[in-house]
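Report on the following structure.
Every value quoted in this text rests on a predicted model; they were computed, and no experiment measured them. Each ligand, and each atom within it, is numbered from 1 in the order the structure gives.
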Amino acid sequence: MRKPFIAGNWKMNLSLNDAVTFVKELNNNLPDPKKTQVAIAASALFLESMIQNKGEEPLIIAAENCYFEDEGAFTGEISPKALSEMGVTHVIIGHSERRKYFNETDDIINKKIHAVLRNHMIPILCCDETMGRRESDSKISWVVSQVTAGLKGVSSDDAKNIIVAYEPSWAIGTGQTASTDEAEEGCYLIRQTMADLYSDDIANEIRVLYGGSVTDENAEDILSRKDIDGVLAGGSSLNVESFINLANLSTK
Ligand code: 13P
């Protein structure tokens, strides 16, 4: 039985004060971590304060990105080693905004996945799909190639802990959610790809999330689908009430 994973991705929003207040307001409002895991990915500048202020709360603190080297002359980059030392346990890798605005290729993303694993954290690998791709391909094969390239050289032992998110970029920040069938189709395809790359057991074990205009109002339907184990919410994770509602939605 896969444990649901509900994650917020704040992107480059909120202030340090907002972030700390938000984390404090979650106190006693999150679901039983034995039943559902809840995470927030935030700017690297906020992570240490969030970790310090979350107290006993079962909140996973995630980074939105990191570099693929642990240390060295890479001015301005975020060290995965430093994130891990700080107590960060999960890192989003390959978000469509990183691919689009920062020219992250599958090769770079693959190196980052290895860097996160090397530093004992869990990558949340995002797979993108554009409307153009969707219209031109009968199958959403871009997702298959992104999972395959992103996980190149990753062992079965590591692969089973990885979280993969299906995030069609035409649904991100647009208010245009994929239909529940489309969301499930993308997540199913990712699971099939994991079965082809690894094994049925690993495909059944890994968690696959859907992201793209998810809110506390449309998530219940999405989460009810067999192959969707959680969500990655951007805009709606910025409001503490919406995020608490989202985190506490009944799953399956
Ligand atoms: P929105 O929920 O704002 O569409 O963003 C989704 C996203 O990019 C999560 O990583």
Which side-chain N or O atoms in residues 44-55 pair as donor and acceptor under 3.5 Å with protein atoms at least two apart or in another chain?
unit_1 : atom_1 : unit_2 : atom_2 : d
Asn53  : ND2    : Ser49  : O      : 2.8
Lys54  : NZ     : Glu57  : O      : 3.4
Lys54  : NZ     : Leu59  : O      : 3.1

Quick one: which ligand 1 atoms are inside 4.0 Å of a heavy atom on [X]?
{"X": "Ser213", "result": "1 (P), 2 (O), 4 (O)"}
{"X": "Lys11", "result": "5 (O), 6 (C), 7 (C), 8 (O)"}
{"X": "Leu232", "result": "9 (C), 10 (O)"}
{"X": "Gly235", "result": "1 (P), 2 (O), 3 (O)"}

Distance only, no hydrogens: is a donor on one side chain within 3.5 Å (strictly under) of an acceptor on the other, for Asp18 and Ser15?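 Present: a donor and an acceptor within the cut-off.
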Students often mix this up, so state it plainly: with edges at 30° and 60°, are the rings of Tyr67 and Phe74 parallel, tilted or perpendicular?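 Tilted.
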Do the ring centers of Phe5 and His90 come within less than 6.0 Å of each other?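 When the ring centroids of Phe5 and His90 are compared, they turn out to be within the sub-6.0 Å range.
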Criterion side chain to side chain contact (heavy atoms under 4.5 Å, CB included) on Lys3 and Arg207, from CA distance to verdict: CA-CA 8 Å; Lys3 196 185 285 190; Arg207 281 160 316 161; 3.9 Å; yes
Any Gly212 heavy atom less than 4.0 Å to ligand 1: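 So Gly212 counts as touching ligand 1.
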Face-on cation placement of Arg191 at Tyr188 ring, 6.0 Å and 45° thresholds: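 Checked: cation-pi criterion not met.
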Has ligand 1 got any nitrogen or oxygen that is less than 3.5 angstrom from a nitrogen or oxygen of Glu167?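 Yes, since at least one N or O of Glu167 sits under 3.5 Å from an N or O of ligand 1.
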Check whether any N or O atom of Glu97, backbone or side chain, sits under 3.5 Å from an N or O atom of ligand 1, and answer yes or no.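 No, Glu97 has no N/O under 3.5 Å of an N/O on ligand 1.
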Ion pair present between Glu64 and Lys11, side-chain N to carboxylate O less than 4.0 angstrom?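 A salt bridge is absent here (no side-chain N lies under 4.0 Å from a carboxylate O).
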Report the nearest protein non-hydrogen atom to atom 4 (O) of ligand 1: residue, atom name, distance rounded to 0.1 Å.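 Ranked first by proximity to atom 4 (O) of ligand 1 is Gly173 N, 2.6 Å.
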Atom 2 (O) of ligand 1: nearest protein contact (heavy atom, Å):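 Here the nearest protein heavy atom works out to Gly234 N, 2.8 Å.
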